[in-house]
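To start, the structure itself, in structure tokens.
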Amino acid sequence: MTIADPTDAIAYVRAIRMIVGGYGAYSREKRRETDVAVREELARAVNRIRRHLENVHDAALTSNSFTLVEACSRAIEECDALRNEVSLAETGCDHPFFSVQKGATKKTIGTLIRHDHATLKMVTKAVRSSNQAEKLKGRGAAELAVLESLNEVLQRISSCRGHFGERRAVLRNLKVM
């Protein structure tokens with residue numbers, strides 16, 4: 001989807017602003033701060049997912065449900081990998097993010113905004129899924145139901161991880177002036 005009219009991006013910007021306080025929509029003066037804010041929000045969400053999974057892991061270990069323990073461990077490893085990718089991700093140039101870049105096209109900035117919004121939506125769904133898995137385990141649901149929920153969490157985290165990795169392609173379109 002391309003943005004023909006810059007006002008079409010307003011809905012995405014408003015949605016991200018609700019999630020990330022101080023989001024500057026990659027305005028020229030706030031590009032670095034906005035990038036940091038998005039990445040910090042992703043890291044916070046991944047930490048929430050990890051805490052939910054740790055609670056399920058501990059409960060499963062107590063009840064000797066080693067299938068659930070293994071599923072939780074896989075999902076926790078995927079959380080750690082995503083968190084590392086978010087914190088260590090490249091920033092678009094050989095130099096710090098946007099530091100030497102004087103002007104990005106509106107199309108590229110719009111693509112970056114949409115991409116970041118989609119990533120934040122994906123990680124929010126993963127948080128909800130991990131919370132659901134924790135609720136199921138806490139209510140004493142059948143092991144199969146909890147396992148299915150944990151597999152959904154793992155799938156969502158993996159998808160989010162892949163989607164975040166695509167950000168590199170968007171950042172390549174930023175030209176140094």
Side-chain angles (χ1 to χ4, degrees), residues 1 9-26 30 33-91 111-171:
M1 177 175 98
I10 291 174
Y12 293 106
V13 172
R14 287 185 180 148
I16 293 175
R17 278 188 182 151
M18 288 186 347
I19 298 171
V20 180
Y23 182 76
Y26 288 100
K30 295 195 172 227
E33 293 86 359
T34 300
D35 182 62
V36 168
V38 167
R39 290 166 64 164
E40 284 177 349
E41 180 58 30
L42 284 170
R44 277 192 297 272
V46 171
N47 286 336
R48 285 192 303 268
I49 295 167
R50 195 176 198 293
R51 281 192 300 270
H52 289 302
L53 293 172
E54 287 171 348
N55 291 339
V56 175
H57 179 273
D58 294 345
L61 199 57
T62 302
S63 65
N64 293 325
S65 300
F66 295 110
T67 306
L68 295 181
V69 170
E70 187 178 312
C72 285
S73 295
R74 284 193 314 268
I76 288 171
E77 287 175 12
E78 196 72 14
C79 283
D80 291 343
L82 177 57
R83 187 175 53 202
N84 287 339
E85 288 173 6
V86 167
S87 66
L88 301 174
E90 64 185 32
T91 55
T111 302
L112 187 58
I113 289 169
R114 285 190 310 279
H115 189 275
D116 287 346
H117 179 254
T119 305
L120 288 168
K121 280 175 46 177
M122 290 174 78
V123 79
T124 300
K125 288 178 182 179
V127 169
R128 289 184 185 131
S129 295
S130 65
N131 189 26
Q132 181 64 28
E134 185 180 23
K135 284 180 183 178
L136 286 171
K137 182 62 180 162
R139 292 181 185 153
E143 185 173 321
L144 184 60
V146 178
L147 184 61
E148 287 175 0
S149 185
L150 289 172
N151 287 335
E152 180 182 343
V153 172
L154 178 62
Q155 183 274 325
R156 288 185 188 275
I157 296 167
S158 295
S159 294
C160 187
R161 189 174 167 203
H163 191 265
F164 183 77
E166 293 171 3
R167 190 174 199 253
R168 181 179 303 126
V170 175
L171 292 174

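In this structure, Arg156 and Met122 have side chains that are not in contact, with every pair of non-hydrogen atoms separated by 4.5 Å or more. Between Leu112 and Arg167, some side-chain heavy-atom pair lies under the 4.5 Å cut-off. Between Val86 and Val46, the closest side-chain pair of non-hydrogen atoms is not below 4.5 Å.
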As a quick check of understanding, evaluate side-chain contact (heavy atoms from CB on, under 4.5 Å) for Ser130 and Arg51, giving each step before the final call.
CA-CA 9 Å; Ser130 65; Arg51 281 192 300 270; over 6 Å; no
CA sep, side-chain torsions, deciding dist, call: Glu41, Arg44, salt bridge (Lys or Arg N to Asp or Glu O under 4.0 Å):
CA-CA 5 Å; Glu41 180 58 30; Arg44 277 192 297 272; 2.9 Å; yes
Show your reasoning for whether side-chain contact (heavy atoms from CB on, under 4.5 Å) applies to Val123 and Phe164.
CA-CA 10 Å; Val123 79; Phe164 183 77; over 6 Å; no
Might you work through the side-chain contact (heavy atoms from CB on, under 4.5 Å) test for Cys72 and Glu54, ending with a clear yes or no?
CA-CA 7 Å; Cys72 285; Glu54 287 171 348; over 6 Å; no
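In plain terms, the two heavy atoms of Leu42 and Leu120 that are nearest each other are CD2-CD2, 3.8 Å. Contact detail for Ala71 and Leu150: the closest heavy-atom pair is CB-CD1, 4.0 Å. Closest heavy-atom contact between Arg74 and Leu154: O-CD1, 3.9 Å. Nearest heavy-atom pair across Ser65 and Lys137 is OG-NZ, 4.0 Å. Of all heavy-atom pairs between Ser158 and Glu78, the closest is OG-OE2, 3.3 Å. Nearest heavy atoms, Ala145 versus Leu136: O-CD1, 3.9 Å.
Note that CZ of Arg161 and SG of Cys79 are 10.5 Å apart. Values are rounded to the nearest 0.5 Å. Taking NZ of Lys125 as the start and CD1 of Ile157 as the end, the distance is 14.5 Å to the nearest 0.5 Å. Atom CG of residue Leu53 and atom CG of residue Leu68 lie 11.5 Å apart, to the nearest 0.5 angstrom. With rounding to the nearest 0.5 Å, the separation of CZ in Arg50 from CG in Asn55 is 11.5 Å. Expressed to the nearest 0.5 Å, how far CG of Asp58 lies from CD of Glu134 amounts to 10.0 Å.
Side-chain polar atoms of Lys135 and Ser149 form no donor-acceptor pair below 3.5 angstrom. For the 3.5 Å distance criterion, the side chains of Glu77 and Ser73 fail to qualify, holding no donor opposite an acceptor.
Although no hydrogens or angles enter the test, the distance criterion places no donor-acceptor pair under 3.5 Å between the side chain of Arg83 and the main chain of Ala43. A donor-acceptor pair under 3.5 Å is formed between the side chain of His115 and the backbone N or O of His163.
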